[in-house]
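In what follows, chains are A, B, ... by sequence order, proteins preceding strands, each numbered from 1.
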Number of protein chains: 2
Amino acid sequence: MAFMSTDNLKKITMADVAREAGVSTMTVSRALNKANVVSAATLSKIQKAVDDLGYVLDQSAGSLSSRKTGFVAAIIPSINNSNFSETAHGITKELEKNGLQLLLGYTDYMQEREEELVESLLRRRPEGIIVTGGYHTDKTRRMLHAAAIPVVEMWDLPKQPIQHVVGFSNSRAIEKLVEHLYKEGYRSFCYLGGDDADDTRGQDRLHGYQNQLKKYGLNHERVVEIGQTPLSYEDGSRGIKIALEKWPQTDVIVCVSDLMAFGALVECQRSGWNVPRDIAIAGFGDYELSRNCYPEITTINVDCFGIGSQAAQIICQQIQSHSESEFSNKIIKQPIHILPREST
Amino acid sequence: MAFMSTDNLKKITMADVAREAGVSTMTVSRALNKANVVSAATLSKIQKAVDDLGYVLDQSAGSLSSRKTGFVAAIIPSINNSNFSETAHGITKELEKNGLQLLLGYTDYMQEREEELVESLLRRRPEGIIVTGGYHTDKTRRMLHAAAIPVVEMWDLPKQPIQHVVGFSNSRAIEKLVEHLYKEGYRSFCYLGGDDADDTRGQDRLHGYQNQLKKYGLNHERVVEIGQTPLSYEDGSRGIKIALEKWPQTDVIVCVSDLMAFGALVECQRSGWNVPRDIAIAGFGDYELSRNCYPEITTINVDCFGIGSQAAQIICQQIQSHSESEFSNKIIKQPIHILPREST
DNA sequence: CTGTTAGCGCATTCAG
DNA sequence: CTGAATGCGCTAACAG
């Protein structure tokens with residue numbers, strides 16, 4: 001590639017393009033915004049000018065004028081090795097179709113960070129916002145309300161939804177899993193989860209576990225709480241050792257996530273315990289991993305990608321039909337599927 | 001929570017806050033931008049007005065005026081279950097410290113999407129941009145140059161860097177791995193990779209593999225190319241079956257990624273082949289998984305998080321010391337570590 | 001189909 | 001430490 005000159009460093013504006021093409025800036029604006037309201041002749045003149053000058057539209061100026069930023073904000077706990085990355089993918093895909101750009105914020109599982117993230121994202125004037133879970137501070141709720149934009153809560157079924165919801169009941173999911181395992185004949189249960197009070201979805205899952213066992217009159221107190229979110233393999237490995245030392249009669253271990261379940265499974269392989277003969281293991285989340293390990297892990301499937309794309313769809317609809325629609329709040333309950341596999 | 005009234009739906013601007021606090025908008029602006037140049041008395045008046053009105057600063061207007069958007073753009077292939085999510089995390093963390101917001105774009109491993117992504121991100125007037133790899137179309141290069149902002153290429157060592165680089169040689173990494181395996185005594189190699197010509201880093205890895213084997217005068221033609229990026233477990237499982245059918249004498253399989261390696265490992269477990277006794281397996285990327293499975297997978301470590309945070313650091317430095325610095329391009333070569341583990 | 005006028009909501013710059 | 005005037009680069013609204 002030839003040496004690139006450092007000349008045209010001064011910013012090129014729409015006015016430059018207009019002058020070059022011999023039209024007004026308004027015509028350039030129309031041409032560039034794909035409004036098919038410009039004659040073919042002028043369009044090509046403008047195209048040429050744009051190419052010659054290397055002009056790129058300045059949306060930050062445009063959105064000030066049009067009061068449409070084209071941003072949608074989303075807040076998720078983490079993007080690493082978690083179900084939420086699938087959700088982020090789903091959101092992005094859907095927004096892309098509508099020409100919207102995602103502004104992503106991570107809390108790193110620190111609930112208290114949500115408030116500041118919401119504020120800093122709101123400064124960008126997104127046209128909609130997606131948040132994870134149903135637990136928010138009062139100030140957060142106030143800010144979201146004042147923003148007067150579509151809000152979607154996802155990954156849970158909040159008791160007091162802000163507006164729209166795309167989620168499922170984490171406790172109900174585990175109840176169904178326990179029910180399934182009970183029917184399979186398991187009676188001596190143990191639970192592996194995190195020790196993080198902030199992880200509200202984790203807490204909900206534990207409650208679901210305990211509720212269901214109480215219904216059966218079974219011992220629901222064999223619970224190992226170990227590790228901070230994001231929980232991972234090591235926590236599962238450490239957890240199962242503790243569990244089986246304390247309660248060697250356990251025949252099935254329910255894990256708060258597939259990652260923990262896999263860690264537990266690997267620990268069994270190392271220790272020469274046969275899964276599921278000696279001990280059965282179940283997880284949560286239907287990670288790609290859990291259907292691609294040996295033995296495959298019994299788990300609960302939730303449509304992570306679908307949660308994201310549906311949440312984004314709601315935002316897009318609300319933006320287009322700019323109805324105030326206080327009365328059309330959508331509560332979308334995602335289906336949950338128990339996937340019995342080799343590990344139980 | 002009490003019923004929320006739908007009244008103050010009209011946008012609240014800085015002028016409203018100024019009126020409420022009995023000062024000029026300029027003073028409000030200074031107070032809110034943390035410039036400690038406002039008297040304590042007026043500051044608290046402004047704070048009160050902001051709280052009462054629920055005002056949130058409008059950065060999209062501010063950045064037009066100040067010519068600083070506070071955005072940094074980054075383009076990565078994918079965020080799902082890949083090393084790049086760690087890199088995105090590293091970028092975000094570093095930008096956060098500097099009060100910058102990441103604008104993320106995914107190519108989904110489609111090289112041709114980079115061009116349109118660059119253009120749409122540049123419309124947002126980011127103050128810097130980070131791209132993955134060193135292969136870009138001419139138009140992309142032109143746009144990046146014309147943008148006159150800091151550019152970092154990462155995850156590779158381009159022959160013709162645009163500006164700054166944070167990366168490593170993918171081919172050199174595999175050469176080192178093959179060298180290690182050779183010293184361990186392996187002589188009958190096989191390679192498992194994708195069949196995607198677009199995956200330039202994958203191609204580089206294959207070349208490294210073949211180069212090193214040529215040096216040893218060993219057969220370098222046992223290559224199974226299967227699956228599109230992002231390669232995953234299934235590709236590894238299918239690949240190792242094909243490989244061992246064709247070349248049963250193979251004693252070590254080198255995989256383009258840990259995910260494929262794990263898929264291959266699981267296939268061995270299912271088929272009752274002992275790893276590493278019957279067949280050894282090595283991967284690439286040092287995924288958390290590969291040190292938490294059984295047997296642990298020999299792999300190549302690259303500091304994914306560090307690549308991201310260093311790339312972001314360079315951007316931040318360049319933004320602050322707004323030097324044109326055509327001559328201070330940083331080429332940061334990341335270290336590569338071979339991690340011998342149980343699978344070889 | 002195209003141009004003109006006005007202004008989006010802030011921060012820069014210069015005065016006080 | 002505070003205020004007034006001005007304009008960032010673009011698009012809405014209207015007129016032709």
Side-chain angles (χ1 to χ4, degrees), chain A residues 10-47 49-50 53-71 99 122-127 146-148 322, chain B residues 10-47 49-50 53-71 99 122-127 146-148 322:
Chain A
K10 64 170 183 296
K11 287 176 195 78
I12 298 162
T13 74
M14 196 176 264
D16 298 318
V17 177
R19 197 178 316 112
E20 182 84 6
V23 295
S24 73
T25 60
M26 201 51 235
T27 305
V28 177
S29 174
R30 281 191 271 252
L32 264 43
N33 287 300
K34 310 275 177 215
N36 301 326
V37 286
V38 174
S39 77
T42 54
L43 184 60
S44 68
K45 274 194 300 185
I46 291 171
Q47 282 293 6
V50 166
L53 271 56
Y55 173 70
V56 175
L57 196 63
D58 186 338
Q59 251 187 98
S60 71
S63 53
L64 179 61
S65 182
S66 67
R67 292 101 182 286
K68 283 161 157 284
T69 57
F71 284 129
L122 250 27
R123 280 207 239 279
R124 301 297 188 172
R125 294 294 185 269
E127 299 181 45
H322 31 75
Chain B
K10 66 170 182 296
K11 287 177 196 75
I12 297 162
T13 75
M14 196 176 263
D16 298 318
V17 177
R19 198 178 316 114
E20 182 86 6
V23 295
S24 73
T25 60
M26 202 50 239
T27 305
V28 177
S29 174
R30 280 192 271 254
L32 264 41
N33 287 302
K34 311 275 176 215
N36 302 326
V37 287
V38 174
S39 76
T42 53
L43 183 61
S44 68
K45 274 193 301 183
I46 291 170
Q47 283 293 8
V50 166
L53 271 56
Y55 174 69
V56 175
L57 197 62
D58 185 338
Q59 252 186 97
S60 71
S63 52
L64 179 61
S65 184
S66 68
R67 291 101 185 287
K68 283 162 159 281
T69 57
F71 285 128
L122 250 28
R123 280 206 240 277
R124 301 296 187 173
R125 294 294 185 268
E127 299 181 46
H322 33 75

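When rounded to the nearest whole Å, the span between CD1 of B:I46 and P of C:dC10 equals 13 Å. If you take NZ of B:K45 and C1' of D:dC1, they are 12 Å apart, rounded to a whole angstrom. Straight-line distance from the CG atom of B:L57 to the P atom of C:dC10: 6 Å, rounded to whole Å. In this structure, the CD1 atom of B:I12 is 16 Å from the C1' atom of C:dC10, given to the nearest Å. In this entry the distance linking NZ of A:K11 with C1' of D:dG7 reads 14 Å, nearest Å.
Between A:T27 and C:dG3 there is a side-chain polar atom (N or O) within less than 4.0 angstrom of OP1 or OP2. Contact annotation: A:T13 side-chain N/O to D:dG9 OP1/OP2 distance is not under 4.0 Å. Neither OP1 nor OP2 of C:dC10 sits under 4.0 Å from any side-chain N or O of B:S63. Taking 4.0 angstrom as the limit, A:S24 places a side-chain polar atom (N or O) nearer than this to OP1 or OP2 of C:dG3. For B:S39, a side-chain nitrogen or oxygen approaches OP1 or OP2 of D:dT2 to under 4.0 Å. Look at B:Y55 and you'll find a side-chain N or O under 4.0 angstrom from OP1 or OP2 of C:dC10.
Put simply, the side chain of B:R67 and the base of D:dG9 share no donor and acceptor less than 3.5 Å apart. One N or O donor and one acceptor, one from the side chain of B:R30 and one from the base of D:dG3, sit under 3.5 Å apart. Residue side chain B:S65 does not reach the base of C:dG9 through any donor-acceptor N/O pair under 3.5 Å, judged by distance alone.
Between B:L32 atom CG and B:T27 atom OG1 the span is 11.5 Å, to the nearest 0.5 Å.
Salt bridge absent: A:D58 and B:R123 never bring a charged side-chain N and a carboxylate O closer than 4.0 Å.
Proximity note for B:L64 (side chain, C-beta onward) versus C:dG9, C:dA11, C:dT2: the nearest is C:dG9.
Between the side chains of A:S63 and A:S66, not a single donor N or O lies within less than 3.5 Å of an accepting N or O.
Residue contacts for B:T42: at a heavy-atom cut-off of 4.0 Å it reaches the sugar-phosphate backbone alone, with no base atom in range. Residue B:T25 is out of contact with every strand shown, counting any heavy-atom pair closer than 4.0 Å. Residue contacts for B:M26: at a heavy-atom cut-off of 4.0 Å it reaches a base atom on one of the strands shown.
Summary for the helix from C:dC1-D:dG16 to C:dG16-D:dC1: the axes at its two ends, each from 5 pairs, differ by 20° when rounded to the nearest 10 degrees.
You'll find the side chain of A:E20 stays beyond 4.5 Å of the side chain of A:Y55, heavy atoms only.
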